[in-house]
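Every number for a ligand or one of its atoms is a count from 1 in the order of the listing. Numbering of residues begins at 1 and proceeds along the displayed sequence.
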Amino acid sequence: MKTKSGILLLAVLAAAGLGLPLAASAADAVRSLRGTAVDQAAQQPGNYAVEKDHAPAAREYVQQPPLIPHKVDGYNITTNFNKCMDCHSWTRYRETGATKVSLTHFKDRDGKELSNISPRRYFCNQCHVAQTDAKPLIDNSFRKAEGLK
Ligand code: HEC
Ligand code: HEC
């Protein structure tokens with residue numbers, strides 16, 4: 001105990017001597033991996049409104065999970081019920097006007113075809129996301145894939 005508090009005291013003295021603020025970590029700005037300061041408000045999903053319902057968005061690359069062009073408030077996915085499939089399943093899409101889930105969503109991880117949605121595709125929001133009006137956190141040079149220009 002004695003040595004521990006001794007070390008702590010030394011550290012405090014050293015920090016004070018160097019003029020380092022002791023509570024620096026709490027006040028530090030959030031930085032991206034490339035060192036750009038990140039807007040803290042941009043970290044709070046509640047600060048941005050989800051886009052209003054609109055026509056399906058163009059894809060940026062062919063393998064992209066299409067973006068969700070509508071609100072998803074209250075569209076819960078539980079063990080017993082998947083609200084997304086209530087409209088997007090092959091049995092429901094005609095009456096709801098939703099795009100039917102992709103055929104690729106019926107394959108298990110070994111490529112075996114299943115008769116219902118694959119467990120690995122069950123949690124739709126893992127890959128499909130609605131959009132907000134948030135600005136990109138940092139500048140980037142992302143461009144649409146060649147095949148979709
Ligand atoms: C009440 C019915 C309904 C529910 C529930 C619903 N959707 Fe939709 N969804 C639609 C309709 C309608 C469209 C638009 C189809 C069109 O205009 O071509 C759509 C479009 C989409 C698209 C765009 C498809 C494309 O080709 O670009 C995605 C992705 C999507 N929904 C995902 C989801 C996910 C994920 C959920 C659950 C969190 C969900 N939807 C729940 C009705 C629904
Ligand atoms: C692991 C990622 C992943 C999950 C989970 C997932 N999807 Fe997809 N989804 C994709 C990708 C990637 C595509 C585009 C390529 C393709 O068709 O496989 C796609 C395509 C789609 C399309 C467009 C089909 C078309 O004909 O253009 C719809 C609709 C869709 N998904 C709905 C859903 C719904 C509803 C769920 C949940 C039950 C879901 N997806 C779960 C990745 C995913």
Side-chain angles (χ1 to χ4, degrees), residues 4 7-8 10-12 14-15 18-149:
K4 258 193 194 166
I7 289 169
L8 181 66
L10 272 180
V12 169
L18 289 170
L20 297 174
L22 287 172
S25 52
D28 266 355
V30 178
R31 296 195 158 269
S32 77
L33 280 178
R34 292 171 206 146
T36 317
V38 168
D39 179 5
Q40 298 260 28
Q43 309 256 312
Q44 308 300 324
N47 287 352
Y48 295 97
V50 171
E51 281 179 4
K52 291 202 186 80
D53 294 3
H54 55 79
R59 299 188 200 183
E60 302 293 328
Y61 55 98
V62 286
Q63 301 84 353
Q64 180 195 326
L67 299 170
I68 306 178
H70 55 70
K71 299 214 179 229
V72 290
D73 301 351
Y75 288 178
N76 294 331
I77 301 173
T78 70
T79 341
N80 301 324
F81 188 70
N82 185 322
K83 182 64 190 171
C84 311
M85 289 296 274
D86 205 18
C87 292
H88 286 276
S89 71
W90 284 47
T91 50
R92 302 272 298 151
Y93 82 90
R94 281 187 204 89
E95 56 187 285
T96 62
T99 329
K100 61 181 183 307
V101 281
S102 179
L103 197 62
T104 61
H105 292 24
F106 293 80
K107 255 186 211 152
D108 72 6
R109 63 178 175 187
D110 302 316
K112 203 176 120 215
E113 299 288 351
L114 308 173
S115 59
N116 204 344
I117 195 93
S118 170
R120 61 207 282 262
R121 302 286 191 161
Y122 189 75
F123 297 101
C124 320
N125 301 333
Q126 232 178 296
C127 306
H128 298 281
V129 287
Q131 294 293 286
T132 71
D133 57 358
K135 298 272 167 294
L137 291 180
I138 56 167
D139 286 339
N140 65 77
S141 54
F142 182 85
R143 263 179 281 141
K144 205 172 224 189
E146 285 296 328
L148 290 179
K149 273 182 192 158

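- Taking the side chain as every heavy atom from C-beta outward, P66 and R59 approach each other to under 4.5 Å.
- Distances below 4.0 Å separate heavy atoms of G97 from the following atoms of ligand 1: 12 (C), 15 (C).
- Ligand 1 lies out of reach of I77, whose nearest heavy atom is not under 4.0 Å from it.
- Looking only at distances, a side-chain donor or acceptor of T78 sits under 3.5 Å from a matching main-chain atom of F81.
- For ligand 2, the polar-atom distance check finds no N/O of Q64 at less than 3.5 Å from any of the ligand's N/O atoms.
- A distance of 8.5 Å separates SG in C87 from CD in E95, rounded to the nearest 0.5 Å.
- Atom numbering of ligand 1 starts at 1 in the shown order; those under 4.0 Å from a heavy atom of V72 are 38 (C).
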message: With side chain to side chain contact (heavy atoms under 4.5 Å, CB included) as the criterion, how do I68 and Q131 come out once you've worked through the C-alpha distance, each side chain's angles and the decisive distance to 0.1 Å?
response: CA-CA 7 Å; I68 306 178; Q131 294 293 286; over 6 Å; no
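- Protein heavy atom in closest approach to atom 17 (O) of ligand 2: S102 OG, 2.6 Å.
- A perpendicular orientation is assigned to the rings of W90 and F106, their planes being inclined by more than 60° (bins at 30° and 60°).
- The nearest heavy-atom contact from the protein to atom 12 (C) of ligand 2 is Q63 O, 3.2 Å.
- Listed by number with element, the atoms of ligand 2 under 4.0 Å from a non-hydrogen atom of R120 are 5 (C).
- Of all atoms in ligand 1, listed by their number and element, those nearer than 4.0 Å to a heavy atom of C124 are 35 (C).
- The residue from A58, A130, A98 that puts a heavy atom closest to atom 10 (C) of ligand 1 is A98.
- Only the side chain of M85 comes within 4.0 Å of ligand 2, judged by heavy-atom distances.
- Protein heavy atom closest to atom 42 (C) of ligand 2, with residue, atom name and distance, is R121 NH1, 2.9 Å.
- For the pair Y122 and R120, the minimum side-chain heavy-atom distance is 4.5 Å or more.
- With respect to atom 37 (C) of ligand 1, the closest heavy atom belonging to the protein is C84 SG, 1.8 Å.
- Each of the atoms 35 (C), 38 (C) of ligand 1 lies under 4.0 Å from some heavy atom of N125.
- Put simply, the side chain of E60 does not reach to within 4.5 Å of the side chain of L148, judged on heavy atoms.
- At least one donor-acceptor pair closer than 3.5 Å links the side chain of N82 to the backbone N or O of C84.
- Taking atom 19 (C) of ligand 2 as the reference point, the nearest protein heavy-atom neighbour is H105 CE1, 3.3 Å.
- Residue-to-ligand polar distances place R59 within reach of ligand 2: an N/O pair is separated by less than 3.5 Å.
- In summary, the atoms of ligand 2 found under 4.0 Å from a heavy atom of F123, numbered by their order in the structure, are 5 (C).
- Put simply, the side chain of T99 does not reach to within 4.5 Å of the side chain of Y93, judged on heavy atoms.
- With respect to atom 22 (C) of ligand 1, the closest heavy atom belonging to the protein is P69 CD, 3.3 Å.
- Counting only heavy atoms of the protein, atom 35 (C) of ligand 2 lies nearest to V101 CG1, 3.4 Å.
- Sparse packing is recorded around CD of E146, with 12 or fewer heavy atoms of other residues, nucleotides or ligands lying under 6.0 Å away.
- Regarding atom 26 (O) of ligand 2, its nearest protein heavy-atom neighbour is T99 CG2, 4.0 Å.
- Per-residue contacts place K100 under 4.0 angstrom from the following atoms of ligand 2 (heavy atoms of the residue considered): 24 (C), 29 (C).
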task: List the steps and the verdict of salt bridge (charged side-chain N to carboxylate O under 4.0 Å, His left out) for D86 and R92.
output: CA-CA 7 Å; D86 205 18; R92 302 272 298 151; 3.6 Å; yes
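- Side-chain atoms of V129 and L67, non-hydrogen and from C-beta on, do get closer than 4.5 Å to each other.
- Of the protein's heavy atoms, P56 CG, 3.6 Å lies nearest to atom 16 (C) of ligand 1.
- Contacts with ligand 2 closer than 4.0 Å are made by side-chain heavy atoms of N82 only, the backbone lying farther away.
- The N/O atoms of H70, backbone and side chain alike, include one that comes under 3.5 Å of an N/O atom in ligand 1.
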query: Passes side chain to side chain contact (heavy atoms under 4.5 Å, CB included), T132 versus E51? Steps please.
result: CA-CA 5 Å; T132 71; E51 281 179 4; over 6 Å; no
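- The protein heavy atom nearest to atom 20 (C) of ligand 2 is P66 CD, 3.4 Å.
- Not a single N/O/S atom of C87, whether from backbone or side chain, sits less than 2.8 Å from atom 8 (Fe) of ligand 1.
- No side-chain heavy atom of K83 sits under 4.5 Å from any side-chain heavy atom of N76.
- Here the protein heavy atom with the shortest distance to atom 18 (O) of ligand 2 is T104 OG1, 2.5 Å.
- Residues P119 and L114 meet the side-chain proximity criterion, which asks for heavy atoms closer than 4.5 Å.
- Coordination check, C127 versus atom 8 (Fe) of ligand 2: failed, since every N/O/S atom of the residue sits at 2.8 Å or beyond.
- Ligand 1 has a nitrogen or oxygen under 3.5 angstrom from a nitrogen or oxygen of H88.
- Contact annotation: the side chain of P69 never approaches that of D53 to less than 4.5 Å [non-hydrogen atoms, C-beta and beyond].
- How far NZ of K112 is from OG of S118: 10.0 Å, rounded to the nearest 0.5 Å.
- Distance check for H128 against atom 8 (Fe) of ligand 2: an N/O/S atom falls below 2.8 Å.
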